[in-house]
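One structure is given here, and the rest of the page talks about it.
Count residues from 1 along the sequence.
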Amino acid sequence: MHFLVILSAAIIPTAQASLTARASQITPLSWSESQEKASDFVSQLTLNEKIGIVSGGYLSSSLPCVGSIGSISRLNFSGICFSDGPNGVGRSDGISVFPAGITIAATWDRDLMYRRAVAIGEEFRAKGSHVALGPTMGPMGRHARGGRNWEGFGPDPYLSGAAANASVMGIQSAGVQACAKHLIANEQETQRTSTTSDDGSVVEAISSNVDDRTLHELYLWPFGDAVKAGTSTVMCSYNRLNGSYACANSDVLTEILKDELGFPGYVLSDWYATHATEESANGGLDIEMPGNVSAQAGAAYFGDALLEAVNEGSVTEQRLEDMAVRVMTPYFRLNQDLDFPTTDPASGPVFYTLQFGHNPQTALIPPFPEVEARDVRGNHADVTRELGSAGTVLLKNINGTLPLKNVTNVGIFGNDAGDPAVGSAFIDINNHPEGYEYGTFAIGGGSGSVRYTDLITPLEAIRDYVKGYGGRVQTVLDNDLLAQGGFNTVYPTPDACLLFLKAYAAEGTDRASIDLQFNATQAVESTAAVCPNTIVVIHGPGVVLMPWADNENVTAILAAHYPGDQSGNSILDVLWGAVEPSGRLPYTIPKKLSDYGTDIIESPDSDTPDGWQADFTEGQAIDYRHFDAADMAPQYEFGFGLGYTTFNVSAPLQIHINGNLSSVADKSKGTQPGGLVDLWSVVATASIEITNTGSRTGSAVTQLYVSLPQDTTPQGTPVKVLRGFSKVALDSGESRSVQFDLLRRDLSFWNPDGKEWVIPEGTFTFLAGFSSRDLRSRIKATVLP
């Protein structure tokens, strides 16, 4: 929790070219050129100034940011401002609340992923923030109850990697540094970092114990995509990995990230995730945050401690030089030394007010004078509205209930429909982890949250629209009243009853359950008993249970996720058919929690300081991979989603594998950001023809899965893995061929003995369709490396 106490592997070439072309707002320097500039800059620094470059708050700084590097006036360096977060500029005003990461993943649309990131980058830049602390690829979602799952792009590494790649490119197109986080395997909030017992003893953070193959093929995969896209920085996580704190783990930070993936940027600690000086610096950490600026709230291990370590020789001056050069390289690469906006002076007052209120008695810092914030939103409401609709997944639609037609009497029910009773931001998460009772959930909580400047609620948007064509709206917004059958004031029965339900998730705590909150299940049953046309809309962090899904009076179900500040307009567009619900699930919805697989570790194995252990014995078998391995039926599968039209395969899947394919990558081609160059070479091409068989235009999300040969791959190889997707709009009756380029990495498994990616010999099965369980064409191909 920062300071308040912080494109895909097989992207289609045309899509890659499109993203690259559109990322030309700010043309980055080459890594080598920017490293040269950074080296020249660092060579002019005193030892104390070099320490300041890698120690948050060590140099004097007046930047009102969640973290900062202070200025060096003699070199015309005004400092670097770090700001949350992955969904917009955190703790600010005059900004947009963009849809959450899980919403973006549900779009399955690389272009929308990129456009969102461009808009985010533009707002960070206009606020004078050099570093946007996002995107999030960890946690991925090993546990259904994970408190931060909604910040990321879901539990599939390929889809998450595609979103990470597009997000990094988009943010940095605006000249803002992207920060890929959190490395690595930080899959729960419970005991995510060390705590101090009542007797003063330290209890260490949970240790995620992960085998090397699982680490590479699952949790590291999207970080490889982010590095390939040119991410400026990677944030290491709070947890331990295989017994060592992530921010001091040389196996991950140096050997894997910097050497294997060829990452030329800097490693940034999560806020207070540093636990040692020499071990962290020598292990690969390049900058500690927040550092000395708020030592009252947590210890600082760089700054003076690092200076002492360098003077004593336990950290070499060469290593310090490398750290400082790495930190400064992205600053020059994105031309942040040239005409970068000053930091919005209102950022301090907003931050201060959220922390201490208007009458602070316990403030550690003096109050900031209140000034008007820069409004940096521009026309971003348009893309936010579009994204919110595109990330909405239609799970049920009996007899074409949606889109709504000829409804003049609309019921708006449920405590998720209206304005948040708590105001523009929810800050009482510790006391109310379930969130606030009254008001819509358009974003989650913690450092990934964003304060509303202007929130359009479902109640506001729908009521205005219905009244605009002469209809009427009836409301009951109290779930407890709904659960008790309190419809006495509703007459006549609405033509359509829109029931808005919600679930909250936030940094710092895992979800108590994956049920919808606030008596939601009984509210559904009671509403459906009165209204034979009940349409349930869910705003939540991802996986939620739906025990009422088969109720015949529940005619439609929409998973709208966290859609951002245009929430009401986004769902209005879907309900009345101005746009289709083109989202698909980026996770699996189980019938019960135990079906989903491994759950949160709630208690330590022992009373020893390192008693908190999480053994990732399931390997890669999470989410749909787990359901496949167990041959278990979900409520709704990964990749599933209905639309307002239908699609079918009109020509079967075809596959072409390049000849003379070696089993391992050609190391002579060298390493670039992302790893061995040859890992990113196209080795196979698949194609399939899709036809819109319905009566209106719609978007088909075609998905390609690959099954590796089971007899020549190690135990634990998934039944199948996603290795391609394409979202295309088709008119009624229109057909189109969809092509997927498969990279060497896509057909390989990680061999931990040889420390290399290997294409196995044998028969591969390629499967294509419209979800992980709706695969309508398959083809086998034998590979003989």
Lys/Arg-Asp/Glu bridge criterion (N-O < 4.0 Å) met for Arg745, Asp225 = yes

Tyr705: side chain to side chain donor-acceptor pair (under 3.5 Å) partners, not counting sequence neighbours = Gln703

Salt bridge present between Asp286 and Arg319 (N-O < 4.0 angstrom) = yes

ask   = Who are the ring-ring contact (aromatic ring centres under 6.0 Å, His included) partners of Tyr587, not counting sequence neighbours?
value = His561

remark   = Hits for side chain to side chain contact (heavy atoms under 4.5 Å, CB included) against Asp628, two or more places apart or cross-chain, chain-then-number order -> Tyr624, Val719, Lys720, Arg773

query = Which pairs with one or both residues in residues 238-250 pass salt bridge (Lys or Arg N to Asp or Glu O under 4.0 Å), sequence neighbours excluded?
reply = none

key: Mutual orientation of the aromatic rings belonging to Tyr331 and His130 [parallel < 30°, tilted 30-60°, perpendicular > 60°]   = tilted

message = Holding to side chain to side chain donor-acceptor pair (under 3.5 Å), I want the full list of residues that pass it with Thr231, two or more places apart in sequence or in another chain.
response = none

ask   = Sequence neighbours excluded, which residues qualify as side chain to side chain contact (heavy atoms under 4.5 Å, CB included) partners of Ser244?
value = Asn249

Side chain to side chain contact (heavy atoms under 4.5 Å, CB included) against Ser39, all qualifying residues, sequence neighbours excluded = Val325

task = Please identify each residue that fulfils side chain to side chain contact (heavy atoms under 4.5 Å, CB included) with Lys37, with sequence neighbours left out.
result = Leu29, Phe332, Asp337

message = Taking atom CD as the centre, does Glu36 end up with more than 12 heavy-atom neighbours from other residues, nucleotides or ligands that are less than 6.0 angstrom away?
response = no

message = I need the full list of salt bridge (Lys or Arg N to Asp or Glu O under 4.0 Å) pairs touching residues 657-668, with sequence neighbours left out, sorted by first then second residue.
response = Lys667-Glu756

Partners meeting side chain to side chain donor-acceptor pair (under 3.5 Å) with Glu260 (sequence neighbours left out) = His216

Pairing of Glu33 and Arg333 as salt bridge, 4.0 angstrom limit = no

request  = Not counting sequence neighbours, which residues clear side chain to side chain donor-acceptor pair (under 3.5 Å) with Asp678? List them please.
outcome  = Lys669, Ser681, Arg744

query = Restricting to pairs with a member in residues 703-713, which pass salt bridge (Lys or Arg N to Asp or Glu O under 4.0 Å), not counting sequence neighbours?
reply = none

message = Strictly below 4.0 Å, N to O, side chains only: are Asp212 and Lys755 in salt-bridge contact?
response = yes

key: Test: Glu122 and Arg125 ion pair at under 4.0 Å   = no

